Peer 1: 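Quick one: this structure, given as structure tokens, is what I'll be asking you about.
When reading the values below, keep in mind they use all heavy atoms of this one structure, side chains included, and skip hydrogens, waters and symmetry mates. As the structure is a computational prediction, the values presented were derived from the model and not from experiment.
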Amino acid sequence: MTEISSKFSPQEVEQKWYQHWMQNGFFDSNPDGREPYTIVIPPPNVTGVLHMGHMLNNTIQDVLIRRARMQGKNACWVPGTDHASIATEAKVVAMLKEKGIEKSSISREEFLAHAWEWKEKYGGIILEQLKKLGASCDWRRTKFTMDPKLSDAVIDTFIQLYNKGLIYRGVRMVNWDPKGMTAVSDEEVIHREVQSKLYFIAYEIEGENSKVVIATTRPETLLGDTAVCVHPEDVRYKSLVGKRCIIPFTGRTVPIIQDEYVDKEFGTGCLKVTPAHDVNDYLLGQKHNLETIDILFDNGHINSPATPYHDLDGIVARKRIVKDLEALGQLVKVEDIKNKVGYSERTDAVIEPKLSMQWFCDMEKMSKPALDVVLENKVKLVPEKFKNTYKHWMENVHDWCVSRQLWWGQRIPAWYSTDGRIVVAKTDVEALALFNQNESQSAITLADIRQDEDVLDTWFSSWLWPISVFDGFENPDNADIKYYYPTQDLVTAPEILFFWVARMIIAGIEFKHEIPFSTVYLTGIVRDKLGRKMSKSLGNSPDPLDLIQQFGADGVRMGMLLCSPAGNDILFDESQVEQGRNFANKLWNAFRLVKGWQVDDQLEQPSLNLTASNWIQEKLHITIATTEKYYSEYRLSDAMMTLYKFIWDDCCSWYLEMIKPVYGSPIDRKSYQEAIGMLENIVKLLHPIMPFITEEIWQALGTRTLAESLIVAEYPKYDEKKVATALSSKAEMAFGIIAEVRNLRSKRGMSPKEALNLMIKTGSKENYGDFLEVMKKLGNLTAIEFVETAPPSSVSFLIEKDECFVPLEMNDQDAAAEKQRIKEEMEYLEGFMKSVQTKLGNERFVANAKPEIVENERKKMADAESKLNTLRDSLTKLNG
RNA sequence: CGGGGCGUAGCUCAGUUGGUUUAGAGCGCUGCCUUGACAGGGCAGAGGUCAUUGGUUCGAAUCCAAUCGUCUCGACCA
């Protein structure tokens with residue numbers, strides 16, 4: 001046994017077994033007669049590297065998949081990545097810039113060639129990192145949202161929805177990201193409260209020597225003002241309505257109009273209206289037929305050729321305009337104000353509301369059935385509290401802006417003719433045919449049409465994921481899609497419940513007429529121990545691969561699970577993965593102990609070991625039942641903790657200590673084999689959570705064929721017969737006595753090696769019979785006898801209703817301490833009885849409470865009374 | 001501003017439709033213990049007016065209301 005290290009070292013073990021599983025195809029799944037269990041991975045961003053959120057999320061998926069596999073299901077975990085159009089395009093643009101190439105100087109085709117090259121080089125990193133974690137994905141099935149088949153699916157569904165009238169093109173106010181130079185969806189805008197300034201600016205009234213003062217946080221937008229608006233009931237401005245005022249720097253005059261939208265209390269009660277750059281102003285503009293003046297270039301620079309601010313950056317222009325207004329005496333005052341500003345999720349640029357021509361997906365009709373399936377629990381959200389959030393969002397959906405002004409992604413299959421017509425078709429040839437189908441006179445040619453320059457939102461690919469990874473669009477009858485769809489569980493972060501989960505449900509129903517998965521497990525957000533979200537900018541996130549290196553993948557997996565109750569955020573602290581590593585080490589040493597025993601075939605099994613074996617079997621099956629229940633409720637951390645306590649406390653602290661032969665002596669064959677069997681059950685139960693160390697121990701416990709690898713071993717099943725022995729409560733009493741005896745030694749400064757005798761005064765000796773030998777061994781007791789009366793000079797303690805005595809020489813000090821102890825115990829009991837008596841003395845309690853509750857209170861009372869009597873007797877004797 | 005969640009031991013959390021001892025776990029903490037599987041260990045111990053206030057009830061950590069704190073989602077107040 002000396003050749004087995006006392007410390008478990010994960011590194012080489014992890015690599016060895018991951019290769020073993022991979023090379024022998026244990027992760028692979030093909031349709032067959034078994035029940036399928038399928039998870040599609042939430043495809044990480046192809047530019048991404050593994051962070052703590054991925055670790056948690058993918059650990060949970062792997063636990064579910066490995067457990068299902070051991071339960072005999074056909075487990076299929078489909079991996080892949082998404083193309084993350086904005087993020088990837090930004091990275092490629094940056095890379096090109098470093099090489100001295102401007103995106104604007106190359107063609108779309110050249111750019112895409114660079115992008116693909118970049119993707120091939122860096123795109124697989126995150127998947128390789130998942131392997132370090134132990135993820136048992138079917139890697140043969142790895143998909144990318146821009147794979148030909150998945151792209152075809154995107155284009156085909158776009159065409160299909162367009163033909164159904166669910167996709168349209170229109171000028172709308174969109175969220176413009178001036179850094180990414182693209183529109184983004186509402187969901188990609190993060191609103192943050194910031195400290196801003198509110199500028200009060202005087203506009204001259206045309207033809208009069210008077211002014212009107214407006215208030216704005218964005219003075220530069222005045223260049224695009226096309227009205228000033230007041231509240232119709234605002235008496236202060238009644239006389240101004242219908243007049244015109246002069247917009248500074250532009251020489252333009254705009255009407256003063258009235259609308260109830262204006263808040264009389266805010267600012268001066270006069271609102272400047274810029275329909276091109278504010279959603280509300282846009283609505284006002286439509287209502288009052290106002291002109292729309294777009295004063296921003298796509299890069300956020302001012303587009304106002306007649307003014308000195310032309311082509312200045314928006315922020316620079318703001319400063320200049322404020323300064324110039326001040327010089328003109330038109331800046332009345334500046335106030336500090338807190339307001340919410342939208343930032344781009346991808347580039348962190350300030351979002352500019354901007355009017356532009358975009359493609360939209362009509363969400364209202366499609367979302368209704370997707371709401372119903374969740375409300376009816378056909379798609380179960382775990383934890384359930386997310387149902388509310390989901391409902392609220394689905395009842396207030398807005399149309400989804402699906403076009404992006406980028407090159408990286410699926411190009412929108414819309415074609416424009418030089419005479420201003422639009423068709424949607426898969427290829428230019430098909431488009432041309434559509435253009436010409438009703439043409440009686442001169443048909444147009446390919447040279448007369450051009451394709452839309454924009455690509456589709458990445459989520460327009462991801463929402464098809466559970467179908468497209470199985471080729472369910474092009475080949476709707478193929479074996480995979482028929483077998484694996486709908487999938488079972490989806491594990492993801494609550495942040496993308498709408499971005500992704502809701503849209504997948506919509507797509508599933510729309511295109512497949514079936515929900516894509518039956519359960520959505522929403523993990524918590526990983527935060528640091530101060531409760532802050534982990535982020536690159538804060539630098540508060542540990543590197544997951546460093547953690548694995550330091551604590552082992554098993555330790556990290558277990559550490560993460562232990563502290564992640566469903567749906568609650570997890571406050572990550574390194575001590576948690578340390579706990580995971582320590583647990584792995586504990587298991588390792590239990591294995592080392594058993595493996596090191598000498599076996600003597602001549603030895604009979606002692607009765608002690610038989611009891612131990614029966615008792616631990618009983619505990620094992622209670623544990624199986626408990627974890628089973630927790631898994632069914634997706635309470636993984638509770639399942640984990642149940643196993644932790646079973647293994648550490650029941651198996652290591654009690655069972656192995658019971659059967660452990662004295663140093664240097666051998667063990668009997670039967671006990672040895674039972675111990676090995678117990679270890680085998682433990683590693684099976686633990687394998688989904690800690691795959692590496694368990695496979696290592698499993699393989700070392702016996703000679704295994706390939707097919708007998710732990711990853712495909714049969715998961716232990718609950719057996720009612722095993723708990724019929726009813727040894728648990730007896731064991732608890734024995735353990736209680738052992739603890740009291742140990743405590744007694746400790747309090748008196750005695751060595752654990754000093755043997756003692758024990759006497760028990762009880763009415764039910766049968767409670768002890770099985771465990772007498774256990775008590776002797778673990779309590780270091782020479783003899784245990786049953787007595788009718790208390791022996792002289794002894795320390796006593798109570799176990800349930802029974803009194804136990806340990807005969808000891810008692811000096812006065814000992815006797816006094818003993819008396820004190822008994823008195824304290826009596827006080828506790830008296831207090832307890834008083835509280836029970838209050839209940840029983842209350843007539844209304846006795847009248848109203850359920851009979852069994854009242855009966856139980858009476859029993860509590862009687863038990864306490866009998867204990868109290870026992871203690872009183874002991875005290876009398878001591879006082880003797 | 002609106003919706004939702006959460007406040008139980010130093011920390012992270014359990015506590016099942018109100019009653020099983022005067023509330024539990026893991027970690028941490030304190031004391032003691034090392035030739036003997038493991039100091040990444042063993043044994044023992046301390047530690048909580050269940051956020052606050054009121055209500056319903058024979059009985060409340062549990063149900064209701066308000067308050068405070070905290071997190072989260074949503075929103076058009078310039």
Side-chain angles (χ1 to χ4, degrees), chain A residues 1 4 6-8 186 191 198 214-218 221 229 261-263 265-268 270-274 278-283 337 339-340 353 383 385-386 388-389 392-393 396 494-495 497-498 525 527 529 531 551 555 562-565 567-571 573 575-576 578-579 581-597 633 635 637-638 641 644-645 648 652-653 656-657 660 662-664 739 742-743 745-747 749 751-752 828-829 831-836 838-839 842-850 852-854 856-857 859-861 863-864:
Chain A
M1 69 172 261
I4 308 178
S6 73
K7 288 198 166 52
F8 175 65
D186 292 346
H191 292 273
L198 186 62
I214 55 92
T216 180
T217 52
R218 302 172 66 209
T221 62
C229 189
Y261 163 74
V262 176
D263 179 353
E265 306 305 317
F266 190 90
T268 60
C270 286
L271 171 73
K272 70 190 254 322
V273 184
T274 325
D278 185 284
V279 180
N280 299 302
D281 290 9
Y282 177 66
L283 296 174
I337 188 177
N339 69 342
K340 293 255 174 134
K385 65 180 178 188
F386 286 108
N388 274 333
T389 328
H392 189 255
W393 190 79
N396 296 286
E495 298 145 309
L497 185 58
F498 310 125
I525 297 164
R527 299 169 178 279
K529 59 177 165 180
F551 296 99
L562 264 182
C563 59
S564 57
N568 276 8
D569 289 355
I570 91 165
L571 301 191
D573 184 51
S575 70
Q576 288 148 355
E578 192 181 334
Q579 190 182 353
R581 179 202 59 183
N582 292 353
F583 180 64
N585 199 51
K586 184 74 183 178
L587 179 65
W588 181 249
N589 277 288
F591 156 72
R592 222 162 55 95
L593 172 69
V594 174
K595 202 62 187 157
W597 283 336
E633 296 165 350
R635 295 174 58 164
S637 63
D638 290 311
M641 184 48 73
Y644 179 92
K645 284 194 276 196
W648 200 303
C652 294
S653 297
L656 292 179
E657 292 298 332
K660 185 157 100 180
V662 292
Y663 186 63
R742 283 173 179 169
N743 194 6
R745 280 202 189 88
S746 155
K747 275 189 179 153
S751 159
Y828 171 86
L829 278 170
F832 172 63
M833 284 169 69
K834 207 171 151 189
S835 81
V836 178
T838 316
K839 273 190 202 172
N842 184 330
E843 279 173 39
R844 286 192 290 181
F845 169 69
V846 181
N848 294 327
K850 287 183 207 150
E852 59 268 30
I853 301 286
V854 179
N856 188 256
E857 292 299 313
K859 186 170 175 294
K860 273 154 71 175
M861 194 67 181
D863 286 355

Peer 1: What pair of heavy atoms forms the shortest contact from A:C652 to A:A590, and how long is it?
Peer 2: SG-CB, 3.8 Å

Peer 1: Taking pairing as Watson-Crick or G-U wobble with both contacts under 3.5 Å, can you name the mate of B:rC6, or confirm there isn't one?
Peer 2: B:rG69

Peer 1: Counting C-beta onward and ignoring hydrogens, is there a side-chain heavy-atom pair between A:Y282 and A:T274 closer than 4.5 Å?
Peer 2: no

Peer 1: Which base sits across from B:rA37 as a Watson-Crick or G-U pair, both distances under 3.5 Å?
Peer 2: none

Peer 1: Could you state the CD1-P distance from A:I853 to B:rA60, rounded to the nearest angstrom?
Peer 2: 14 Å

Peer 1: Where the side chain of A:A849 is concerned, which of B:rG40, B:rC58, B:rG41 is the nearest nucleotide?
Peer 2: B:rC58

Peer 1: In whole angstroms, how far is the C1' atom of B:rU12 from the CZ atom of A:R635?
Peer 2: 15 Å

Peer 1: With C1' as the reference atom in both, quote the distance from B:rG59 to B:rU20 in angstrom, rounded to an integer.
Peer 2: 15 Å

Peer 1: Starting from P on B:rG42, measure out to CD on A:E657 and report it in whole angstrom.
Peer 2: 9 Å

Peer 1: Strictly by Watson-Crick or wobble contacts shorter than 3.5 Å, is anything paired with B:rC13, and which nucleotide is it?
Peer 2: B:rG24

Peer 1: Taking atom P in both B:rA66 and B:rC6, what distance in whole Å separates the two?
Peer 2: 16 Å

Peer 1: For A:F8 and B:rG40, what is the distance between atoms CZ and C1' respectively, to the nearest whole Å?
Peer 2: 13 Å

Peer 1: Using modelled atom types only, decide if a donor and an acceptor are shared between the side chain of A:N842 and the backbone of A:T838 within a distance under 3.5 Å.
Peer 2: no

Peer 1: Considering only heavy atoms from C-beta outward, does the side chain of A:W597 approach that of A:L593 to under 4.5 Å?
Peer 2: yes

Peer 1: Where the side chain of A:N585 is concerned, which of B:rA78, B:rC38, B:rC58 is the nearest nucleotide?
Peer 2: B:rC38

Peer 1: Scan every strand shown for a Watson-Crick or G-U wobble partner of B:rG19, both distances under 3.5 Å, and answer none if you come up empty.
Peer 2: B:rC58

Peer 1: Provide the distance between the two C1' atoms, one in B:rA39 and one in B:rU34, to the nearest whole Å.
Peer 2: 8 Å

Peer 1: Rounding to an integer number of angstrom, what distance separates B:rA23 and B:rU16 when you compare their P atoms?
Peer 2: 16 Å

Peer 1: So what does A:Y663 touch, heavy atoms closer than 4.0 Å: a base, only the sugar-phosphate, or nothing?
Peer 2: sugar-phosphate

Peer 1: Is any side-chain heavy atom of A:V846 less than 4.5 Å from a side-chain heavy atom of A:K839?
Peer 2: no

Peer 1: Counting side-chain heavy atoms from C-beta on, which of B:rC38, B:rU21, B:rC58 comes nearest to A:K860?
Peer 2: B:rU21

Peer 1: How would nucleotides 25-31 of chain B be written as a contact map, 5' to 3', with B for base contact, S for sugar-phosphate-only contact and - for no contact, using protein heavy atoms under 4.0 Å?
Peer 2: SSS----

Peer 1: For the P atoms, the ones on B:rG2 and on B:rC76, what distance do you get once it is rounded to whole angstrom?
Peer 2: 16 Å

Peer 1: Nearest whole angstrom, please: distance from the P of B:rG4 to the NZ of A:K385.
Peer 2: 14 Å

Peer 1: Give me the distance, rounded to whole Å, that separates B:rC1 from B:rG48 when you measure between the P atoms they each carry.
Peer 2: 38 Å

Peer 1: Given the P atoms of B:rC64 and B:rU21, what is the spacing between them in whole Å?
Peer 2: 24 Å

Peer 1: Report the distance from atom CG of A:N280 to atom OH of A:Y261, rounding to the nearest 0.5 Å.
Peer 2: 3.5 Å

Peer 1: So which heavy atom on A:T216 is nearest to which on A:K272, and how close?
Peer 2: CB-CD, 3.7 Å

Peer 1: Starting from the 5' end of RNA chain B, give me the residue, A:L198 or A:V836, whose nearest nucleotide shows up first.
Peer 2: A:V836

Peer 1: NA contact type, A:R581, heavy-atom cut-off 4.0 Å: base, sugar-phosphate, or nothing?
Peer 2: base

Peer 1: For a 4.5 angstrom cut-off between non-hydrogen side-chain atoms, does A:R592 reach A:S6?
Peer 2: yes

Peer 1: Using only atom types and a distance under 3.5 Å, with no angle test, would you say the side chain of A:S653 pairs donor to acceptor with the backbone of A:W648?
Peer 2: yes

Peer 1: Tell which nucleotide pairs with B:rC1, taking only Watson-Crick or G-U wobble pairs whose two distances are both under 3.5 angstrom.
Peer 2: B:rG74

Peer 1: How long is the line joining CG of A:N856 and P of B:rU20, in whole Å?
Peer 2: 8 Å

Peer 1: Sugar-phosphate atoms are those with a prime plus P, OP1 and OP2; base atoms are the rest. Using that split, label each nucleotide of nucleotides 70-77 of chain B B, S or - for protein heavy atoms under 4.0 Å, 5' to 3'.
Peer 2: -SS--BBB

Peer 1: By the 4.0 Å heavy-atom rule, please label A:N848 as base, sugar-phosphate, or nothing.
Peer 2: base

Peer 1: When you measure from the side chain of A:D573 to the backbone of A:Q576, do you find a donor-acceptor pair of N or O atoms at a distance under 3.5 Å?
Peer 2: no

Peer 1: Please give, in whole Å, the distance from B:rC11 P to A:D573 CG?
Peer 2: 13 Å

Peer 1: Looking at A:K586, I'd like to know whether one of its side-chain N or O atoms comes within less than 4.0 Å of OP1 or OP2 on B:rG42.
Peer 2: yes

Peer 1: With a 3.5 angstrom cut-off on both distances, give the Watson-Crick or G-U wobble partner of B:rG45, or none if there isn't one.
Peer 2: B:rC29

Peer 1: For nucleotides B:rG26 and B:rC71, find the distance between their C1' atoms and express it as a whole number of Å.
Peer 2: 24 Å

Peer 1: What is the distance from CH2 of A:W588 to C1' of B:rC38, rounded to the nearest Å?
Peer 2: 12 Å

Peer 1: Under 4.0 Å, heavy atoms only, any strand: does A:A739 hit a base, just the sugar-phosphate, or nothing?
Peer 2: sugar-phosphate

Peer 1: Examine B:rA37: is either OP1 or OP2 under 4.0 Å from a nitrogen or oxygen in the side chain of A:K660? Give yes or no.
Peer 2: yes

Peer 1: Quick one: CD on A:E633 to CG on A:D638, what's the gap to the nearest 0.5 Å?
Peer 2: 8.5 Å

Peer 1: Looking across every strand, which nucleic acid part, if any, lies under 4.0 Å from A:G267 by heavy atom: base, sugar-phosphate, or nothing?
Peer 2: nothing

Peer 1: Taking all atoms of both residues into account, what is the closest heavy-atom pair of A:K7 and A:N585, and its distance?
Peer 2: CA-OD1, 3.5 Å

